[in-house]
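We count ligands from 1, going down the list as the structure has it; atoms in each ligand are counted the same way. Both backbone and side-chain heavy atoms feed into the values below; hydrogens, waters and symmetry mates do not.
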Amino acid sequence: MSPRPAIPESMNALLLSRFGGPEQLVPSVRPVPTPGPGEVLIRVAYCGICRHDLLTRSGAFAKTPLPVIPGHQIGGTVVSLGPDVTGVETGQRVSSLIRIGCGDCEQCRAGNEAYCETFRARFLGEDLDGGYAEFVKVPDHAVIPLPDGLPLETAAVASCTFGTAYHAIRTRGQAQPGETVVVTGASGGAGLHALELLRHFGCRCIAVTSSDEKSELLRQAGADEVIVSDNLVFADQVKALTGGRGCDLVIEVVGERTLDQSVRALRKGGRAVLAGNITGKKAQITPAHFILKEISLIGTRTCTKAELQEVYDLLVSGAVRVHVDRMLPLEKGSEAHALMEAGASRGRYVLAASAD
Ligand code: ZN
Ligand code: ZN
């Protein structure tokens, strides 16, 4: 093995000091964080860009303390440990949980950090400096070791996309083999990875997208049928594709703009899992639909470590694959945000921070 490079005092990072457009992600030189008690320093190889980051950047979450380094989908290598770290070693290839709890309450100890009993679990890249940087520090209990054979760029994308989709589909949505499942916003990062998992679980997938050019991509990811609707009206087409019955489950990635159509597309007793809300706006619902059809509206947040480890196993075995659209150097973060905002992405964008 070649000697490990010394940890420098400063690093390149994209710093968000003011909410606004993509130009607010400013390439900056920052001190390399010093890991405190129970903290781990990770050299970031790759950090995925999530739609959530676009909302963070634009100021949709007013409680975000500024300045902050965004980014919550990391793949990297542990380079140093603070005092009293347990369960993590330098040199390990790792990813991190996205929502980081206290690590100490009953829920955290049970592996449900998203249900942490402290006021709220901290979001990496929002409440804590994240992975749009060459180094990031995270608490040891949030670190997830990667299995051999899982590339760091795959891990960086999987921690949010597949982890969130797995929790939404399996744990919250209880998707069963043979069920017909609609995925809205299917051509984005979350949607494509939801299709991959649904195919693996033996579901019949109907993908809803606003543009015809992405149909082939959706079929490759696992869609049995693709509904192209630029005005996002699709309930009647779902009914037609299910013999008038409606679908069993909707994985609602778009949120406010499509929720009403999703509820209309469901069969009696169907379930809608609300996994995303792209605009961040309030949704309008018709209570009668929920009452008369006994529709269940189910929230979903993020995954547990155990779920992510199952996802990693599926990736290593080749049962599912990540969809990386484009890899850009860290300093091109603004450009990547602008392209995603323009709706150009076909899968995840990934920033390469210090690939080694
Ligand atoms: Zn995310
Ligand atoms: Zn906790």
Are the side chains of D248 and R245 in contact, using a 4.5 Å heavy-atom criterion?
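Yes. Closest side-chain heavy atoms under 4.5 Å.
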L351 and I49: side chain to side chain contact (heavy atoms under 4.5 Å, CB included), yes or no, with the steps?
CA-CA 7 Å; L351 296 176; I49 304 177; 3.8 Å; yes
Would R170 pass as a cation-pi partner of F201, given that its NZ or CZ must be under 6.0 Å from the six-membered ring centre and within 45 degrees of the axis?
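That pair qualifies as a cation-pi contact.
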Is the distance between the Zn ion (ligand 1) and the nearest N/O/S atom of C50 smaller than 2.8 Å?
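For C50, the answer is yes, given that an N, O or S atom comes within less than 2.8 Å of the Zn ion (ligand 1).
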If you round to 10 degrees, what value do you get for the angle at the Zn ion (ligand 2) between C105 atom SG and C108 atom SG?
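Once rounded, the angle between the two atoms at the Zn ion (ligand 2) is 110°.
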Angle at the Zn ion (ligand 1) between NE2 of H72 and SG of C160, to 10°?
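Between NE2 of H72 and SG of C160, at the Zn ion (ligand 1), the angle is about 120°.
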What's the spacing between I69 CD1 and L16 CG if we round to 0.5 Å?
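Output value for this atom pair is 10.5 Å.
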